[in-house]
Amino acid sequence: MRCLVVVPTYNERDSLTAIVESIFEHQPSVNILVVDDNSPDGTGTLADELHNARPDQLFVLHRPRKEGLGPAYIDGFKYALERDYAFIVQMDADFSHDPKYLAAFFEAIKTNDLVIGSRYVNGISVVNWDLKRLILSKAASFYVRTVTQMPIADCTAGFKCWRREALEAVGLDRIVSNGYVFLAEMSYRAFRKGLRITEVPIIFVERR
């Protein structure tokens with residue numbers, strides 16, 4: 001299967017090489033797209049160097065300025081759809097989303113349209129967060145779940161795997177939000193379309 005892992009970056013020079021190597025270690029056949037928002041620390045330049053080392057597997061999309069998580073992912077998703085990737089993964093560059101879970105994602109996507117890496121489907125699986133942040137995250141998921149009636153434990157999760165048909169169905173040009181709201185809106189649009197959604201448990205570790 002043709003799979004593209006979309007990794008948005010802004011000032012991730014210290015972690016980019018390691019996350020790329022880890023993704024390829026766990027899933028050697030995937031492609032990676034680094035979407036860099038003109039990072040002042042040289043992340044984009046490093047991404048170009050990594051592309052030169054793996055020109056057939058790692059690609060770079062340079063955006064002119066920092067606009068937030070939503071626009072970066074939308075540009076990455078459109079890149080994937082234009083190139084006929086069957087499956088598209090979204091994940092952070094800082095190891096809060098561990099590439100070791102990709103195998104479980106790819107197994108679950110065989111019978112689903114959207115797979116969500118969930119911090120809360122089996123209780124609470126978060127490392128290195130203080131109590132205030134954990135309460136805020138849980139409260140946000142509870143609020144979104146209550147308002148939208150989505151049967152999803154982790155409504156603001158950012159580690160996901162999509163079928164291309166699911167991304168086509170949600171209507172990327174109609175997405176209006178950013179940040180954590182963007183993550184919830186994407187799941188909500190998939191839910192409203194009646195797509196098959198499942199959650200796989202992950203342990204979320206605050207950035208290294």
Side-chain angles (χ1 to χ4, degrees), residues 1-8 30 33 35 37 61 63 67-92 96-97 101-126 133-204:
M1 62 182 182
R2 296 191 70 234
C3 175
L4 184 69
V5 179
V6 179
V7 182
V30 302
L33 175 67
V35 183
D37 275 8
L61 183 60
R63 289 165 39 84
E67 293 182 317
L69 193 65
Y73 267 131
I74 288 174
D75 281 355
F77 292 156
K78 289 181 176 179
Y79 179 101
L81 295 178
E82 289 167 359
R83 289 158 181 81
D84 295 325
Y85 284 94
F87 303 99
I88 301 93
V89 173
Q90 60 179 87
M91 65 182 295
D92 292 345
S96 54
H97 301 152
Y101 295 113
L102 290 174
F105 277 41
F106 294 152
E107 183 63 30
I109 200 67
K110 293 177 181 178
T111 54
N112 290 279
D113 301 303
L114 169 59
V115 177
I116 297 173
S118 178
R119 299 163 290 185
Y120 307 131
V121 70
N122 285 344
I124 298 175
S125 299
V126 177
R133 186 172 181 185
L134 182 60
I135 291 173
L136 180 62
S137 176
K138 285 285 290 181
S141 277
F142 175 78
Y143 174 78
V144 172
R145 189 167 57 252
T146 301
V147 170
T148 64
Q149 297 300 300
M150 285 192 294
I152 296 174
D154 193 349
C155 293
T156 58
F159 194 7
K160 299 175 179 175
C161 181
W162 299 82
R163 282 184 178 270
R164 65 169 293 110
E165 295 85 359
L167 279 181
E168 290 170 336
V170 300
L172 295 176
D173 289 331
R174 295 193 297 272
I175 302 296
V176 296
S177 54
N178 207 340
Y180 291 109
V181 180
F182 164 80
L183 300 174
E185 182 182 358
M186 289 289 290
S187 295
Y188 177 65
R189 287 182 177 273
F191 167 67
R192 285 295 301 271
K193 289 291 183 179
L195 303 180
R196 299 167 298 173
I197 303 173
T198 191
E199 295 179 88
V200 297
I202 67 166
I203 297 175
F204 180 95

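These values consider heavy atoms only, across backbone and side chains, with no hydrogens, waters or symmetry-generated copies. We count residues from 1, following the sequence as given.
Atoms CD1 and CD1, from Ile116 and Ile152 in turn, are 4.0 Å apart once rounded to the nearest 0.5 Å. Rounded to the nearest 0.5 angstrom, Leu102 CG and Glu107 CD are separated by 13.5 Å. Rounded to the nearest 0.5 Å, atoms CG (Leu167) and CD1 (Ile88) are 5.0 Å apart.
Taking all atoms of both residues into account, the shortest heavy-atom contact from Leu33 to Gly76 is CD2-CA, 3.8 Å. The shortest non-hydrogen separation linking Lys160 to Ser187 is NZ-OG, 2.7 Å. Listed here is the closest heavy atom pair of Ala108 and Thr198: CB-CG2, 4.1 Å.
Taking the six-membered ring where the residue is Trp, Phe159 and Phe105 present tilted rings, their angle falling between 30° and 60°.
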Test side chain to side chain contact (heavy atoms under 4.5 Å, CB included) on Leu183 and Leu69 and set out the steps. CA-CA 9 Å; Leu183 300 174; Leu69 193 65; 4.0 Å; yes

Could you walk me through whether Val6 and Tyr79 pass the side chain to side chain contact (heavy atoms under 4.5 Å, CB included) check? CA-CA 10 Å; Val6 179; Tyr79 179 101; over 6 Å; no

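For Asp75, the salt bridge (charged side-chain N to carboxylate O under 4.0 Å, His left out) partners two or more places apart in sequence, or in a different chain, are Arg63. Under the rule for a salt bridge (charged side-chain N to carboxylate O under 4.0 Å, His left out), Glu165 has no partner lying at least two apart in sequence or in another chain. Residues that satisfy the salt bridge (charged side-chain N to carboxylate O under 4.0 Å, His left out) test with Arg189, not counting sequence neighbours, are Glu185. Applying the side-chain contact (heavy atoms from CB on, under 4.5 Å) test to Asp113 and every residue at least two apart in sequence or in another chain returns Arg163, Ala166, Leu195, Arg196. The salt bridge (charged side-chain N to carboxylate O under 4.0 Å, His left out) check on Lys78 picks up Asp173, with sequence neighbours excluded. Scored by the side-chain hydrogen bond (donor to acceptor under 3.5 Å, both in side chains) test, Arg192 finds Tyr188 as partners (sequence neighbours excluded). A search for side-chain hydrogen bond (donor to acceptor under 3.5 Å, both in side chains) contacts involving Asp92 returns Ser96, not counting sequence neighbours. Scored by the ring-ring contact (aromatic ring centres under 6.0 Å, His included) test, Tyr85 finds no partners at all (sequence neighbours excluded).
Contact of the Ile109 side chain with the Trp162 side chain is not registered, since no non-hydrogen atoms from C-beta on lie closer than 4.5 Å. Residues Thr156 and Arg119 form a side-chain contact, since some pair of their non-hydrogen atoms from C-beta on lies under 4.5 Å apart. The side-chain heavy atoms of Val30 and Phe106, taken from C-beta on, include a pair separated by under 4.5 Å. At a threshold of 4.5 Å between non-hydrogen side-chain atoms, the residues Pro71 and Phe182 do not count as touching. Put simply, the side chain of Tyr101 does not reach to within 4.5 Å of the side chain of Met91, judged on heavy atoms.
Put simply, the side chain of Gln90 never gets that close to the backbone of Tyr73: no donor and acceptor are under 3.5 Å apart.
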